[in-house]
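Before any comments, here is the structure.
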Amino acid sequence: MRLLTHNMLTSHVKGVNNGYPLKIEATEVNVESEVDFKPEFICCMIPRIDWDVLKKALAWIGKADLLPEEIVDNYEEDEEFLRKVHHTIMEIEIVTGSLICPESERSFPINKGIPNMLLNEDEV
Amino acid sequence: MKLRKLEMALEDVEDFEEPKIKLEQYSTTSHLAASMIHTAEQQFGDISDKKVIDLGCGCGKLSIACIMMDASFVLGVDVDQDALSTFSDNLEILDDEDAKVDRLQADLCKPELFNLIKEKSFDTAVMNPPFGTKNNKGIDMDFLYIASKLAKTAVYSLHKTSTRDYVVKKAKDFGLKANVVAELKYNLSATYKFHKQRSKDIAVDFIRFTFT
């Protein structure tokens, strides 16, 4: 699971009012993958992602230093910045771990990069 | 990529090892998948450089077709772990730097799913939904509803031609306008033991839904 995906997920457990973001506990993270860099795509994504949640996600996996605190001005022209964003949202993969609902603390396992978000009968 | 080349490339995508009848798992043929995704890009520009969600992705044929047609990112969602596992194996067909695909295991028929993924997170939704013939009537409309929430620009789907009027009418309720792009023949080979005929052709509409 990439952090791009994590950024759009909310806990859907019944009764939970504030399930965003899901906390990440990772036991295996892959930072080696290389995905081809498309600056236009990254420029397009920056206004659509929750920056604070992306920062939180990085912190949870011990990679807080990969991004600056704030989005830089004129990022469209800052290739170095765009490459950093590209790396964090497209090239880091959570392989094994869990996503945890911030309110109910329900844990959703991630195995082989796939989060299992199936709820039990009593949680729907 | 040309249609024929796409279709041939998709032949390498493995299908369900042991398809589950209750989930109505029929693999999307390479021909159908290639036709759908090639048209979506060639005619409408809805795949290349776009974020795409594949609902009921199964073993990933539509998702992989989208990557081959240069989608920026694809998220595949399915309820079945086994299918998703086959999907993981199928990703090896792609070059590493192209495999911009995530997968998620979730139940698309449950209303809570509406809260799971942020609305309008994707440009395009693609799907070959179950038709609702296995004690799951109405499931194709559940899929369509979710697609309408998650996609900003277009939803591409297959529905039995015999249900066309119903689909068009329901789509309106979801704020969607249906455009039947093509009528196709879906060849369901005898996937399951009870199938008496060796293979059966079903008339399906390939529909592009947009927002009113």
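All values derive from a computational prediction rather than experimental measurement. The chains referred to below are lettered A, B, ... by the order of the sequence lines, with proteins before strands, and numbering in each begins at 1.
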Below 4.5 Å from any heavy atom of chain B, which atoms of [X] appear? Answer side chain, backbone, both or neither.
{"X": "A/Met1", "value": "both"}
{"X": "A/Leu22", "value": "neither"}
{"X": "A/Asn111", "value": "neither"}

Region of [X] in contact with chain A, defined by heavy-atom distances below 4.5 Å:
{"X": "B/Leu116", "value": "both"}
{"X": "B/Val77", "value": "neither"}
{"X": "B/Lys51", "value": "side chain"}
{"X": "B/Ser121", "value": "both"}

[X] atom [atom1], over 12 foreign heavy atoms within 6.0 Å:
{"X": "B/Gln81", "atom1": "CD", "result": "no"}
{"X": "A/Asp73", "atom1": "CG", "result": "no"}
{"X": "B/Asp12", "atom1": "CG", "result": "yes"}
{"X": "B/Glu17", "atom1": "CD", "result": "no"}
{"X": "B/Lys120", "atom1": "NZ", "result": "yes"}

Please report the interatomic distance OG(B/Ser72) to CD(A/Glu40), rounded to the nearest 0.5 Å.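 B/Ser72 atom OG to A/Glu40 atom CD measures 9.0 Å (nearest 0.5 Å).
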
Quick one: pull up CG in A/Asp36 and CG in B/Asp96 and give me the separation to the nearest 0.5 Å.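 Reported value, rounded in 0.5 Å steps: 11.5 Å.
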
Taking all atoms of both residues into account, what is the closest heavy-atom pair of A/Lys38 and B/Lys100, and its distance?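 Closest pair (atom of A/Lys38, atom of B/Lys100, distance): NZ-NZ, 4.0 Å.
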
Shortest non-hydrogen contact between A/Met8 and B/Phe73, atoms and distance: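 Smallest heavy-atom distance, with atoms named: CE-CE2, 4.5 Å.
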
Residue pair [X] / [Y], side-chain heavy-atom distance below 4.5 Å:
{"X": "A/Val16", "Y": "B/Asn115", "answer": "no"}
{"X": "A/Leu118", "Y": "B/Gln105", "answer": "yes"}
{"X": "A/Leu9", "Y": "B/Ile117", "answer": "yes"}
{"X": "B/Lys118", "Y": "A/Tyr20", "answer": "yes"}

Identify which of [options] forms the greatest number of heavy-atom pairs closer than 4.5 Å to chain B.
{"options": "A/Arg2, A/Met117, A/His12, A/Glu34", "value": "A/Arg2"}
{"options": "A/Thr10, A/Leu4, A/Asn7", "value": "A/Thr10"}
{"options": "A/Met45, A/Glu93, A/Glu91", "value": "A/Met45"}

